[in-house]
Amino acid sequence: MLCLDVFLLQINLVHLLPKKNIPAKNMKKAIAIIILFLSTIINTQAQDTKVYLSPRLIIGWTFYSGFNYGIDLTIGLFKIKSDNPEINFCISPQYYFVNYKNTQQNIISFNAVIESNIYRIAAGIGQVNYKWGFKGINRNGALGYQFDVSLTTDSKYTPWVQCKTFVLHNGYWEFYSRPYYLSTNIFFRPEPYIVYEKK
């Protein structure tokens, strides 16, 4: 029921998104602004910095499409809350594949993340690509927005359950019959590798 509620919330967010196409150059500017904003936050939070790396493999099912799988690299930047539970602010590039009508589409995204030991909330921007033609020499792509929520328990043996939505920014793409990719996934989070920590 929780995943269903998250899906409905994510779908409702579609109506808040702009309807006009966003040129690729504007997407690059948005990424640059996000990076500048993050670097400013890091400087103001330097007294409680925790930089860590946490790669994870993701596998699941995309509704109306098929299986999906990919990799996420979560990079912790600083602590929002140091007490139990510890809450961290992170960035997360993701790269994953979605099977659709005997073809494969890949989605790459860049996300801002808030995570603790039992939950993770992420939002970002990205692009879906589809290769076609002889040996896949032709490629078409569409920009979009990604939202996902992941939950687990206190046990390190419990997998994370993730509800993910990738919303196409113009609501339509000729290589996919729906305006969004709606997925449920699982992954295990290994013990993060701490690069630097300062309290």
**OP:** Treating Ile, Leu, Val, Met, Phe, Trp and Tyr as nodes and any side-chain heavy-atom pair under 4.5 angstrom as an edge, say whether I80 and I91 lie in one connected cluster.
**Re:** yes
Original post:
With L182, which of T62, V167, T165 fulfils side chain to side chain contact (heavy atoms under 4.5 Å, CB included)?
Top reply: T165
Original post:
Any link between Y119 and V113 through a network of hydrophobic side chains (Ile, Leu, Val, Met, Phe, Trp, Tyr) touching at under 4.5 Å?
Top reply: no
**OP:** Specify the closest pair of heavy atoms between Q127 and G141, including all atoms of both residues, with the distance to one decimal.
**Re:** NE2-CA, 3.9 Å
Original post:
Is the closest side-chain heavy-atom distance between N140 and E174 below 4.5 Å?
Top reply: yes
Original post:
Is the W61-F67 ring centre distance short of 6.0 angstrom?
Top reply: yes
Original post:
Would you say D154 has more than 12 foreign heavy atoms packed within less than 6.0 Å of its CG?
Top reply: no
Subject >> Reported CG-to-CG distance for the pair N185 and N68, which is rounded to 0.5 angstrom >> reply: 4.5 Å
Original post:
Does the pair L73 and Y95 meet the rule for a side chain to side chain contact (heavy atoms under 4.5 Å, CB included), with working shown?
Top reply: CA-CA 9 Å; L73 176 61; Y95 187 78; over 6 Å; no
Subject >> Same cluster (ILVMFWY, side-chain, under 4.5 Å), I71 and F188 >> reply: no
Original post:
Are any non-hydrogen side-chain atoms of C90 and T74 less than 4.5 angstrom apart?
Top reply: yes
Original post:
Hey, quick one: are W160 and Y157 part of the same hydrophobic cluster, counting side-chain heavy atoms closer than 4.5 Å, chains of contacts allowed?
Top reply: no
Subject >> Mutual orientation of the aromatic rings belonging to Y176 and Y181 [parallel < 30°, tilted 30-60°, perpendicular > 60°] >> reply: parallel
Subject >> Rounded distance [0.5 Å steps], CZ in F89 versus CD1 in I87 >> reply: 13.0 Å
**OP:** Please round to the nearest 0.5 Å and tell me the distance separating atom CD1 of I186 and atom OG1 of T158.
**Re:** 11.5 Å
Original post:
Can you name the closest pair of heavy atoms from N84 and K81 and give their distance?
Top reply: O-NZ, 3.4 Å
Original post:
Would you say V128 and Y172 are hydrophobically clustered, going by side-chain heavy atoms of ILVMFWY under 4.5 Å?
Top reply: no
Subject >> CG-OG1 distance between N88 and T49, expressed to the nearest 0.5 angstrom >> reply: 11.0 Å
Subject >> Check ion pair R120-D72 (N to O, under 4.0 angstrom) >> reply: yes
**OP:** Identify whether the distance between the nearest side-chain nitrogen and carboxylate oxygen of E191 and K156 falls below 4.0 Å.
**Re:** no
Original post:
Looking at A142 and L168, what are the two nearest heavy atoms and their distance?
Top reply: CB-CD2, 4.0 Å
Original post:
How long is the span from the OG atom in S54 to the CD atom in E115, to the nearest 0.5 Å?
Top reply: 6.5 Å
**OP:** Run the numbers on Q94 and K164 for side chain to side chain contact (heavy atoms under 4.5 Å, CB included), then give the verdict.
**Re:** CA-CA 12 Å; Q94 282 186 13; K164 182 197 300 286; 2.8 Å; yes
**OP:** Fit a plane to each ring of Y130 and W173, take the angle between them on a 0 to 90° scale, and name the class: parallel (under 30°), tilted (30 to 60°) or perpendicular (over 60°).
**Re:** perpendicular
Original post:
Has K50 got its NZ or CZ under 6.0 Å from the middle of the six-membered ring of Y52, at an angle within 45 degrees of the ring axis?
Top reply: yes
Subject >> I107 CD1 to F166 CZ distance, which is reported to the nearest 0.5 Å >> reply: 5.5 Å
